[in-house]
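The model shown is predicted, which means the values in this text are computed figures rather than measured ones. Proteins come first, then strands; the chains are lettered A, B, ... in the order of their sequence lines, and each starts at number 1.
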Protein chains: 2
Amino acid sequence: MLPVVQASVPAQGSSIFDVAREAGVSRATAARALGGYGSVSEEARRRVEAAAAKLGYSVNSVARSMVTGQTMTLGALIADVSNPFFARVIRGFTDGARSAGYDVVLVNTDETVDSEIHGLKVLTEKRVDGILVAPASEEASEHLASAVDHGQALVQVDRFVPGLDTDVVVVNNYESGYQAVKRVIAIGHTRIAAPLQRTRGHDGHANLISSMLERHQGYRDAMAEAGLTVPSAYTPPAHGRSEVRTAVAGMLNSADRPTAVFGLDDSFTLGIIDAVYGCDLVVPDQVSIFGFDDTEWTTVVRPPLSVIAQPAYDLGTCAAQALLHRIHAPDAPRQTHVLPTTWIERGSIRDLTRTG
Amino acid sequence: MLPVVQASVPAQGSSIFDVAREAGVSRATAARALGGYGSVSEEARRRVEAAAAKLGYSVNSVARSMVTGQTMTLGALIADVSNPFFARVIRGFTDGARSAGYDVVLVNTDETVDSEIHGLKVLTEKRVDGILVAPASEEASEHLASAVDHGQALVQVDRFVPGLDTDVVVVNNYESGYQAVKRVIAIGHTRIAAPLQRTRGHDGHANLISSMLERHQGYRDAMAEAGLTVPSAYTPPAHGRSEVRTAVAGMLNSADRPTAVFGLDDSFTLGIIDAVYGCDLVVPDQVSIFGFDDTEWTTVVRPPLSVIAQPAYDLGTCAAQALLHRIHAPDAPRQTHVLPTTWIERGSIRDLTRTG
DNA sequence: TGCGCGAGTGAGAACGTGCTCAACAGAGGG
DNA sequence: CCCTCTGTTGAGCACGTTCTCACTCGCGCA
């Protein structure tokens with residue numbers, strides 16, 4: 001029996017050892033030829049390339065990561081890809097990553113701290129070079145702080161934990177909400193409702209999402225500034241489309257019916273529309289609606305919906321850039337990128353200052 | 001100078017070597033204690049666990065993959081996550097993968113063969129354990145065939161390349177389209193249009209997506225079976241919402257205006273609605289609409305849209321299961337899973353057999 | 001005492017790559 | 001003729017883990 005140096009015919013493919021043997025050179029020379037470093041004779045290069053093609057050689061990124069210390073992979077910890085907003089963020093993020101040679105591992109948290117902790121652990125073990133996170137909770141974020149302490153490159157998107165020393169990419173949620181409500185007040189509305197994000201306490205933590213809270217605070221401040229009171233019935237806590245629908249249906253059937261309802265996000269706005277249709281009210285004649293985030297369907301409802309549009313895709317690309325910059329320069333000062341929103345006037349808000 | 005056995009204080013964290021040293025045991029013992037195999041004394045286990053906690057040790061999955069030969073990662077090659085259909089497929093896929101301890105790397109192809117080839121190459125190099133693919137083209141698929149030949153576990157979703165020997169997870173597109181159109185014919189419609197997927201030739205390949213073609217063939221056959229002719233003006237080739245809008249607007253303004261329009265997918269249906277609104281026509285009185293895939297907005301348009309609903313999420317979970325099964329049993333016979341669609345009657349189709 | 005046995009332990013190989021170092025040959029100049 | 005320099009090459013280490021092998025030690029039993 002001869003000593004078997006490299007036995008096994010791995011199903012997955014051949015290593016650079018096989019290529020070198022096929023080409024009749026050493027491993028080092030084959031690696032140089034394929035890796036494009038050092039100096040290799042034209043003859044050797046040709047033979048190595050021919051051997052690689054013949055064997056169907058494919059570099060083993062795992063082994064490469066082992067020695068280079070980078071995986072060329074980023075992680076994304078978001079609530080839910082099937083939420084159109086996050087889907088667009090992720091698309092932007094993957095595009096930004098891909099253009100720099102990085103790939104993206106996707107983890108859904110469903111706004112659950114437990115899932116976020118577990119996802120972060122897995123991504124850390126997989127040694128991703130950087131992580132995008134839309135934090136599930138402002139309160140329970142020790143795991144994120146710990147990751148940052150350990151030198152993990154992190155970027156917070158859409159919302160952020162105040163004390164956390166990372167790059168941040170958001171839109172100006174407070175200002176956007178404030179300005180939108182101010183506009184609506186300016187055209188005569190005094191009874192404006194805005195269902196509030198219901199905190200989820202099932203895992204013992206208060207899941208407060210800063211983006212939603214800020215939008216709502218903008219609404220409250222605009223109302224207060226105009227000297228308008230906000231009855232608590234106008235800000236029922238709800239979670240998800242169906243809960244919002246129920247909550248809004250309740251206020252629409254009450255004596256003190258609002259003249260306008262503000263949807264803090266996509267699912268809220270859908271729930272509001274559900275409720276309005278369920279109560280057989282006409283938009284905008286009997287009730288006005290405006291929402292946050294401009295998804296594909298806002299132009300196919302009648303009347304088309306007035307919204308605060310946010311650049312979800314750009315949020316993702318900007319996050320990718322910030323993360324790649326952070327990876328390249330770990331000690332550069334942290335930055336907070338605030339992307340602009342756009343108010344899109346369509347036809348879902350009635351101007352009460354005009355008679356008729 | 002003492003010989004430095006393990007220098008470097010890696011920013012990323014400590015290895016099992018550091019844990020072993022901290023606990024005063026050998027690497028092997030530390031590995032046994034943390035890995036839960038072999039036999040370790042209670043005393044040693046306690047010390048190792050304490051050391052691991054103190055150092056904030058995190059297993060290096062890259063190194064583990066190196067020796068185990070599996071990355072516990074799956075790849076997903078789809079057209080576009082920001083397309084709600086694929087977003088739901090991906091959500092199902094990640095959920096199915098995650099429940100078995102796998103993560104998912106996401107790659108968008110935009111239905112481009114070049115991107116698909118490149119994405120496949122990267123995923124192969126990253127040594128993912130399996131790949132979900134929604135093939136961009138029936139024609140140009142040598143790269144997929146080559147991957148299968150090399151033993152790569154593959155599952156095709158939504159559409160498939162006929163000759164390719166992989167598991168497949170789809171809905172019955174032909175039958176769904178056929179039955180839906182048959183229903184519409186049954187209530188009196190004779191002039192039914194269905195814009196066709198336009199082939200993209202920009203990279204030299206004919207990007208024919210089997211799912212779209214089958215739906216359209218079902219439509220054609222239902223029409224033919226009822227003895228109805230389909231003027232070519234009823235099946236204008238188009239790509240994307242705005243092209244569909246333009247194409248449909250054209251036919252709606254013609255003398256031979258259709259009484260019903262079938263949207264082959266989400267973006268087509270949106271374009272059709274755009275066109276109908278643009279022509280100031282009333283649905284369903286002047287024109288009926290029905291679509292494929294039941295997205296969140298189908299209930300907020302007036303009238304609510306009648307659609308062929310497909311289980312996008314289940315498509316993803318089923319694909320994950322098939323892939324995991326394939327990884328576990330590479331030689332098991334290939335299976336094709338056909339998931340059921342559901343016809344959801346809402347109010348966007350007029351019954352022409354009823355007068356009034 | 002001698003022996004076997006099992007629990008516990010450490011040394012070390014292997015995975016496939018990137019890269020450093022030394023060696024070697026040939027050319028060219030003094 | 002010798003030395004230097006440059007282009008090319010092979011040997012070998014390192015990355016961090018899993019896992020096999022061999023070794024030691026203490027105990028029970030004949």
Chemist: Given atom CE of Met72(A) and atom C1' of dT17(C), what is their separation to the nearest angstrom?
Modeler: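 After rounding, the reported distance stands at 16 Å.
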Chemist: In whole Å, I'd like the distance from the CE atom of Met66(B) to the P atom of dG16(C).
Modeler: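 In whole Å, dG16(C) P lies 6 Å from Met66(B) CE.
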Chemist: Tell me which of Arg64(A) and Glu42(B) sits closer to the 5' end of DNA chain C, going by the nucleotide each one is nearest to.
Modeler: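 Nearest nucleotide further toward 5': that of Glu42(B).
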Chemist: Looking at the side chain of Val25(B), which of dG10(C), dC15(D), dT17(D) is the nearest nucleotide?
Modeler: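 From the listed options, dG10(C) comes nearest.
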Chemist: Between the side chains of Asp110(B) and Thr112(B), does any donor sit under 3.5 Å from an acceptor?
Modeler: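 Their side chains do not contain a donor-acceptor pair, so the 3.5 Å distance test is not met.
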Chemist: Would you mind reading off the distance between Gln70(A) atom CD and dC19(C) atom P, rounded to a whole angstrom?
Modeler: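 Taking CD of Gln70(A) and P of dC19(C), I get 10 Å after rounding.
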Chemist: Respond yes when some side-chain nitrogen or oxygen of Thr29(B) is under 4.0 Å from OP1 or OP2 of dG10(C), and no when none is.
Modeler: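 Checking dG10(C) against Thr29(B), a side-chain N or O does come within under 4.0 Å of OP1 or OP2.
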Chemist: Would you kindly give the CZ-to-C1' distance between Phe17(B) and dA14(D), to the nearest whole Å?
Modeler: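 After rounding, the gap between these two atoms is 13 Å.
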Chemist: Using heavy-atom distances to pick each residue's nearest nucleotide on DNA chain D, tell me which of Ser61(B) and Arg32(A) is more 5'.
Modeler: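 Whichever sits nearer the 5' end wins; that is Arg32(A).
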Chemist: Taking the minimum atom-to-atom distance to the side chain of Arg27(A), which one of dG18(C), dG16(C), dG12(C) wins?
Modeler: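 From the listed options, dG18(C) comes nearest.
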Chemist: What's the CZ-P distance between Arg45(B) and dT9(C), to the nearest Å?
Modeler: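 So the CZ-P distance, Arg45(B) to dT9(C), works out to 10 Å.
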Chemist: Answer yes or no: is there an ion pair linking Glu116(A) with Lys121(A), defined by an N-O contact shorter than 4.0 Å?
Modeler: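 Judged by the 4.0 Å cut-off on N to carboxylate O distance, Glu116(A) and Lys121(A) do not form a salt bridge.
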Chemist: Looking only at the side chain of Thr68(B) (C-beta and beyond, no hydrogens), which of the listed nucleotides dT17(D), dT9(C), dT18(D) gets closest?
Modeler: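 Shortest atom-to-atom distance from the side chain points to dT18(D).
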Chemist: Does dG8(C) have OP1 or OP2 sitting under 4.0 Å from an N or O in the side chain of Tyr37(B)?
Modeler: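 No, because none of the side-chain N or O atoms of Tyr37(B) sits under 4.0 Å from OP1 or OP2 of dG8(C).
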Chemist: Please tell me if Ser41(B) has a side-chain N or O lying less than 4.0 Å from either OP1 or OP2 of dT9(C).
Modeler: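 Yes.
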Chemist: Just by distance, no angles: are the side chains of Thr166(B) and Gln156(B) close enough, under 3.5 Å, to form a donor-acceptor pair?
Modeler: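 Side chains of Thr166(B) and Gln156(B): pair found under 3.5 Å.
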Chemist: Is Val62(A) touching bases, backbone alone, or none of the nucleic acid, heavy atoms closer than 4.0 Å?
Modeler: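 If one applies the 4.0 Å heavy-atom cut-off, Val62(A) turns out to touch nothing in the nucleic acid.
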Chemist: Working to the nearest 0.5 Å, report the span between CD1 of Ile78(A) and CG of Asp158(A).
Modeler: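 With rounding to 0.5 Å, CD1 (Ile78(A)) is 10.5 Å from CG (Asp158(A)).
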Chemist: To the nearest Å, how far apart are Arg47(B) CZ and dT9(C) C1'?
Modeler: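 One finds 12 Å between C1' of dT9(C) and CZ of Arg47(B), rounded.
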Chemist: For Arg127(A) and Thr73(A), does a side-chain donor sit closer than 3.5 Å to a side-chain acceptor?
Modeler: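 Arg127(A) vs Thr73(A): no donor-acceptor pair found between side chains.
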Chemist: Distance check needed: dG16(C) P versus Asn60(A) CG, whole Å only.
Modeler: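 Rounding to the nearest Å, CG of Asn60(A) and P of dG16(C) are 7 Å apart.
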Chemist: OP1 or OP2 of dG8(C) less than 4.0 angstrom from a side-chain nitrogen or oxygen of Ser39(B), does that happen here?
Modeler: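 Ser39(B) to dG8(C) OP1/OP2: side-chain N or O found under 4.0 Å.
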Chemist: Counting only side-chain heavy atoms from C-beta out, which of dG16(D), dT18(D), dG18(C) sits nearest to Val59(A)?
Modeler: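 The listed nucleotide nearest to Val59(A)'s side chain is dG18(C).
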Chemist: Please determine if a side-chain N or O atom of Ser26(A) lies less than 4.0 Å away from the OP1 or OP2 oxygen of dG10(D).
Modeler: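 So the side chain of Ser26(A) is within the cut-off, an N or O lying under 4.0 Å from OP1 or OP2 of dG10(D).
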Chemist: May I have the distance from Glu43(A) (atom CD) to dA25(C) (atom P), rounded to whole angstrom?
Modeler: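 Result: 19 Å.
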